[in-house]
Amino acid sequence: MSNAQLAYGSTIERSSDGGTTWVSIPEAKVAPVPNSETDYVDVTSLDSAGGYREYIPGLKDAGEIEFSANYTRAGYQQQAADEASGAAILYRTTFENQDKFEFSGFPSVSLEASDLGDARRMTVKIRITGAVSFTAGA
């Protein structure tokens, strides 16, 4: 039997007080998790064996994540205020099995174009700063 999980039941929350208080981002459609990438620095020299380039690991970057949420006034105001603050916000994505991913980032929010009869949505982009931590669920 598979151990696969549905995304349903996951949450994304934010904290502006360092993780003491968490507030859900209302009606999110995705529970995003950043993916880190490592830069590799070219250290090839005249002494490099066989004419092959040589590299060492450089800085890591968790990049940017993006997710969609149904538009709510409260959700939009929350994200717009976080964006206007200019401060990094702490985020936590929790899967249904209680696995948790925490990361900090700078959000920006925009409204998506909506056709007649479609639900209004907003897009939140978060530029990650620093490391992403993982805590396994119980």
Side-chain angles (χ1 to χ4, degrees):
M1 179 173 209
S2 175
N3 290 319
Q5 301 175 28
L6 292 176
Y8 181 79
S10 299
T11 61
I12 180 162
E13 302 165 290
R14 56 174 284 288
S15 175
S16 58
D17 62 7
T20 301
T21 306
W22 291 96
V23 177
S24 181
I25 296 174
E27 301 199 31
K29 305 286 278 178
V30 175
V33 176
N35 293 311
S36 295
E37 292 185 9
T38 301
D39 290 333
Y40 291 91
V41 180
D42 187 339
V43 293
T44 309
S45 70
L46 296 174
D47 299 327
S48 294
Y52 285 93
R53 292 192 180 277
E54 295 180 283
Y55 296 90
I56 60 171
L59 298 175
K60 295 178 183 176
D61 185 0
E64 184 175 83
I65 59 171
E66 179 177 313
F67 66 93
S68 180
N70 290 329
Y71 171 82
T72 66
R73 181 179 297 142
Y76 182 81
Q77 288 175 322
Q78 175 192 77
Q79 293 304 303
D82 285 350
E83 180 179 357
S85 78
I89 304 297
L90 185 60
Y91 293 91
R92 177 172 70 189
T93 295
T94 305
F95 291 167
E96 186 178 40
N97 68 357
Q98 299 306 303
D99 287 351
K100 294 181 188 326
F101 301 84
E102 288 186 20
F103 50 94
S104 292
F106 300 95
S108 61
V109 62
S110 60
L111 296 178
E112 297 177 14
S114 301
D115 288 330
L116 180 65
D118 285 347
R120 291 197 184 278
R121 293 207 172 105
M122 61 183 191
T123 298
V124 178
K125 292 182 183 179
I126 303 170
R127 179 59 172 113
I128 310 304
T129 182
V132 176
S133 69
F134 169 75
T135 305

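Nothing here was measured: the structure is a model prediction, and the numbers come from that model.
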Minimal heavy-atom distance between Asn70 and Ala119, with the atoms involved, is OD1-CB, 4.5 Å

Under a 4.5 Å cut-off applied to non-hydrogen side-chain atoms, are Pro32 and Thr93 in contact?
yes

Residues at least two apart in sequence or cross-chain that pass salt bridge (Lys or Arg N to Asp or Glu O under 4.0 Å) with Asp39, listed by chain then number, are none

Closest heavy-atom pair, Ala62 versus Pro34, reported as atoms and distance to 0.1 Å, is O-CB, 3.9 Å

Are the side chain of Asp99 and the backbone of Gly137 linked by a donor-acceptor contact shorter than 3.5 Å?
yes

Applied to residues 103-128, the ring-ring contact (aromatic ring centres under 6.0 Å, His included) test, sequence neighbours excluded, yields Tyr91-Phe103

Output for pair (Arg92 CZ, Thr135 OG1), nearest 0.5 Å, gives 9.5 Å

Between Val30 and Ile12, the two heavy atoms sitting closest are O-CG2, 4.2 Å

Residues passing the side chain to side chain donor-acceptor pair (under 3.5 Å) test with Glu102, sequence neighbours excluded, are none

Residues joined to Val43 in its hydrophobic cluster, side chain to side chain under 4.5 Å directly or through other members, sorted by chain and number, are Val41, Ile56

Q.
If hydrophobic clusters are built from ILVMFWY residues whose side chains come within less than 4.5 Å, do Ile25 and Leu111 share one?
A. yes

Separation between OG (Ser10) and CG (Asn97), nearest 0.5 Å, reads 8.0 Å

Cluster membership besides Leu116, Ile/Leu/Val/Met/Phe/Trp/Tyr side chains within less than 4.5 angstrom, sorted by chain and number, is none

Contacts of Glu112 meeting side chain to side chain donor-acceptor pair (under 3.5 Å) (sequence neighbours excluded), chain-then-number -> Ser68, Thr123

Residue pairs passing the side chain to side chain donor-acceptor pair (under 3.5 Å) test with at least one member in residues 75-88, sequence neighbours excluded, are Arg14-Asp82

When every non-hydrogen atom of Ser15 is compared with those of Asp17, the smallest separation belongs to OG-OD1, 2.7 Å

Interatomic distance, CD@Glu54 vs OG@Ser48, rounded to 0.5 Å, equals 3.5 Å

Under a side-chain separation threshold of 4.5 Å, the hydrophobic residues clustered together with Trp22 are Leu90

Side chain to side chain donor-acceptor pair (under 3.5 Å) filter on Arg53, not counting sequence neighbours, yields Asp42

**Request:** Report, as yes or no, whether the 6.0 Å neighbourhood of atom CD on Glu64 holds more than 12 heavy atoms from other residues, nucleotides or ligands.
**Result:** yes

Separation between OG (Ser104) and CD1 (Ile128), nearest 0.5 Å, reads 8.5 Å

Residues 118-138 vs ring-ring contact (aromatic ring centres under 6.0 Å, His included), sequence neighbours excluded, gives Phe101-Phe134

query: Counting distance only, does the side-chain N/O of Thr94 pair as donor-acceptor with the main-chain N or O of Lys100 below 3.5 Å?
result: no

Hits for salt bridge (Lys or Arg N to Asp or Glu O under 4.0 Å) against Arg120, two or more places apart or cross-chain, chain-then-number order -> none

The remaining residues in the hydrophobic cluster of Tyr55, counting side-chain heavy-atom contacts under 4.5 Å among Ile, Leu, Val, Met, Phe, Trp and Tyr, are Tyr40

Smallest heavy-atom separation, Gly105 atom then Ile126 atom, equals CA-CG2, 3.7 Å

